[in-house]
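Source: prediction; values computed, not measured. No hydrogens, no waters, no symmetry mates; every other heavy atom, side chains included, goes into these values.
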Amino acid sequence: MKFGTKAIHAGIEPDPTTGAIMTPIYQTSTYVQESPGKHKGYEYARTQNPTRTVLQNNLAALENGKHGICYSSGLGATDAILKLFKPGDEIIASNDLYGGTYRIMVRVFQEFGLKFTFVDLSNPVNLESLITPATKMVWIETPTNPLLRLVDIEAIAAITKPHNIQLVVDNTFASPYLQNPLDLGADIVMHSVTKYLGGHSDTVMGAIILNDDETAQRLAFIQNACGAVPGPQDCFLVLRGIKTLHIRMQRHCENAIKVAQYLQQHPKVSKVYYPGLESHPGHELAKKQMRSFGGMLSFELKGDSMPEAVHVMESFNVFSLAESLGGVESLCTHPASMTHASIPKEERLKNGLKDTLIRLSVGIEDIEDLIQDLEQAIN
Ligand SMILES: Cc1ncc(COP(=O)(O)O)c(C=O)c1O
């Protein structure tokens with residue numbers, strides 16, 4: 001099956017009792033048993049829910065993986081992955097990460113004895129020398145949030161595999177439509193389903209997709225034992241969102257390249273971060289490991305003036321100033337004070353994330369209206 005057909009059909013069968021083509025919302029907390037332990041495979045809704053099962057199978061198919069496991073948020077999924085490790089284990093993560101991922105690592109799991117090192121993994125050479133016998137996981141995002149750096153998944157996997165280190169890829173920015181990390185050697189794919197997969201800014205959810213049976217069993221155990229499960233209505237909304245993922249992604253990509261090209265020639269813009277631009281240092285790698293370049297981009301204004309950046313963000317009419325990304329509507333974010341505020345300022349600046357950086361999640365509106373909005377806001 002090709003991607004669009006999988007998005008609509010994979011793992012989805014008509015409802016066995018009525019033939020309903022849409023997976024029903026099984027809004028129940030428990031299931032009746034014939035006698036103790038004799039049931040139809042469902043006992044209690046934290047452990048299993050049919051709407052969730054269908055979504056999990058659909059997500060696994062989209063990432064060409066064997067197992068899909070959903071959590072109540074992207075960070076819920078990250079939390080479950082980090083619970084695979086124990087005190088003393090070392091984790092190497094790229095230094096350009098979603099702020100909440102950095103926060104759960106440093107402010108929660110570091111307290112429990114996990115050790116984290118953050119490094120620029122857009123150059124895979126930086127990785128090998130940091131590996132010790134205690135290194136158990138490498139965590140990457142690609143493209144990264146918010147600087148859109150590209151990380152070579154195959155090159156990193158070639159380093160982690162011989163050491164038996166788990167390679168986790170947060171595939172939120174690309175979505176499975178643009179990139180399938182498991183095919184490139186990653187062990188675990190993580191998503192904030194809240195973003196492109198849901199696609200309509202109406203649900204918060206996370207997911208993990210992987211092939212290894214033993215790790216999947218452990219993650220499903222954590223899903224049930226720790227309890228961060230999504231509700232059936234959210235699972236329904238995501239299943240519905242996914243049916244148009246491929247079409248939405250095509251339009252996100254078409255619009256984003258036009259926005260990037262517009263910004264690149266703008267006299268007031270000093271820098272545009274978008275992997276679809278030939279000037280982007282990761283452009284060739286993006287062409288190799290992604291199917292197109294995505295809907296996310298960031299930019300800086302000449303002069304690095306904070307009041308000017310704020311003025312632009314306040315002046316938009318079509319782009320809304322808001323956290324999050326990946327919905328049908330265009331959003332603008334100020335990473336330094338919003339999505340990445342939990343990263344200490346020195347750390348942010350060291351990694352190239354300036355206070356004046358503006359991030360755009362380019363939606364699927366008409367491109368003429370988006371360009372006109374940028375035109376009137378950056379003046
Ligand atoms: C790249 C990335 N990963 C993970 C997350 C966390 O996901 P959630 O907000 O669904 O918990 C986000 C949220 O913005 C994100 O942008």
Side-chain angles (χ1 to χ4, degrees), residues 1-11 58-65 68 94 121-122 124 140-158 167-199 207 209-211 238 241-261 272-298 325-328 330 360-364 367:
M1 256 193 231
K2 295 233 189 298
F3 192 90
T5 316
K6 281 202 281 191
I8 296 166
H9 294 291
N58 181 255
L59 286 169
L62 295 185
E63 281 291 9
N64 300 330
S94 58
L121 291 174
S122 57
I140 58 175
E141 280 179 17
T142 179
T144 62
N145 181 4
L147 291 169
L148 284 302
R149 293 190 182 123
L150 264 286
V151 181
D152 190 332
I153 300 172
E154 263 180 328
I156 300 281
L167 174 58
V168 181
V169 178
D170 178 341
N171 205 25
T172 301
F173 260 40
S175 89
Y177 177 72
L178 296 179
Q179 174 173 279
N180 293 122
L182 298 179
D183 294 347
L184 300 168
D187 300 290
I188 296 177
V189 175
M190 176 262 153
H191 277 283
S192 169
V193 174
T194 316
K195 311 298 179 336
Y196 287 108
L197 284 161
I209 300 104
L210 73 166
N211 284 317
V238 172
I242 287 175
K243 286 183 195 291
T244 54
L245 177 64
H246 49 303
I247 307 290
R248 287 188 281 109
M249 288 313 297
Q250 284 161 18
R251 179 65 87 87
H252 281 298
C253 295
E254 272 169 36
N255 280 356
I257 183 77
K258 287 182 188 148
V259 167
Q261 285 163 346
V272 183
Y273 301 84
Y274 183 66
L277 294 173
E278 275 173 32
S279 55
H280 187 283
H283 181 63
E284 287 308 313
L285 175 57
K287 281 205 291 196
K288 190 177 86 151
Q289 81 181 7
M290 298 173 72
R291 294 182 193 97
S292 185
F293 307 106
M296 297 301 301
L297 63 90
S298 296
L325 60 109
V328 290
S330 292
L360 300 181
S361 171
V362 181
I364 64 170
I367 186 64

Could you tell me the separation between the [atom1] atom of [X] and the [atom2] atom of [Y], rounded to the nearest 0.5 Å?
X    : Y    : atom1 : atom2 : answer
S175 : K195 : OG    : NZ    : 13.5 Å
L360 : N255 : CG    : CG    : 12.0 Å
L121 : D152 : CG    : CG    : 11.0 Å
S292 : K287 : OG    : NZ    : 11.5 Å
L210 : L182 : CG    : CG    : 7.5 Å
L178 : C253 : CG    : SG    : 4.5 Å

Check [X] against [Y] and note the closest heavy-atom contact, atom names and distance.
X    : Y    : answer
H283 : G276 : CE1-O, 3.3 Å
I153 : L167 : O-CD2, 4.0 Å
G282 : L150 : O-CG, 3.7 Å
A7   : I242 : CB-O, 3.4 Å
E63  : N180 : OE1-ND2, 2.9 Å
G294 : Y274 : O-OH, 2.6 Å

Check: [Y] and [X] side chains under 4.5 Å, non-hydrogen atoms:
X    : Y    : result
F293 : L148 : no
L62  : I209 : no
M249 : R291 : no
Q179 : N171 : yes
Q289 : L285 : yes
T194 : L325 : no
I140 : P181 : no
N64  : K6   : yes

Check: [Y] main-chain N/O paired with [X] side-chain donor or acceptor under 3.5 Å:
X    : Y    : value
N211 : G65  : no
R248 : Y196 : yes
S192 : T172 : no

Full working for side chain to side chain contact (heavy atoms under 4.5 Å, CB included) between L277 and Q261: CA-CA 8 Å; L277 294 173; Q261 285 163 346; 4.1 Å; yes
Criterion side-chain contact (heavy atoms from CB on, under 4.5 Å) against P143, the qualifying member of M296, M290, R149, H280: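 It is M290; the other options fail the test.
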H246 and Y177 aromatic ring geometry - parallel, tilted or perpendicular at 30°/60° bounds: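 Aromatic pair Y177/H246 classed tilted.
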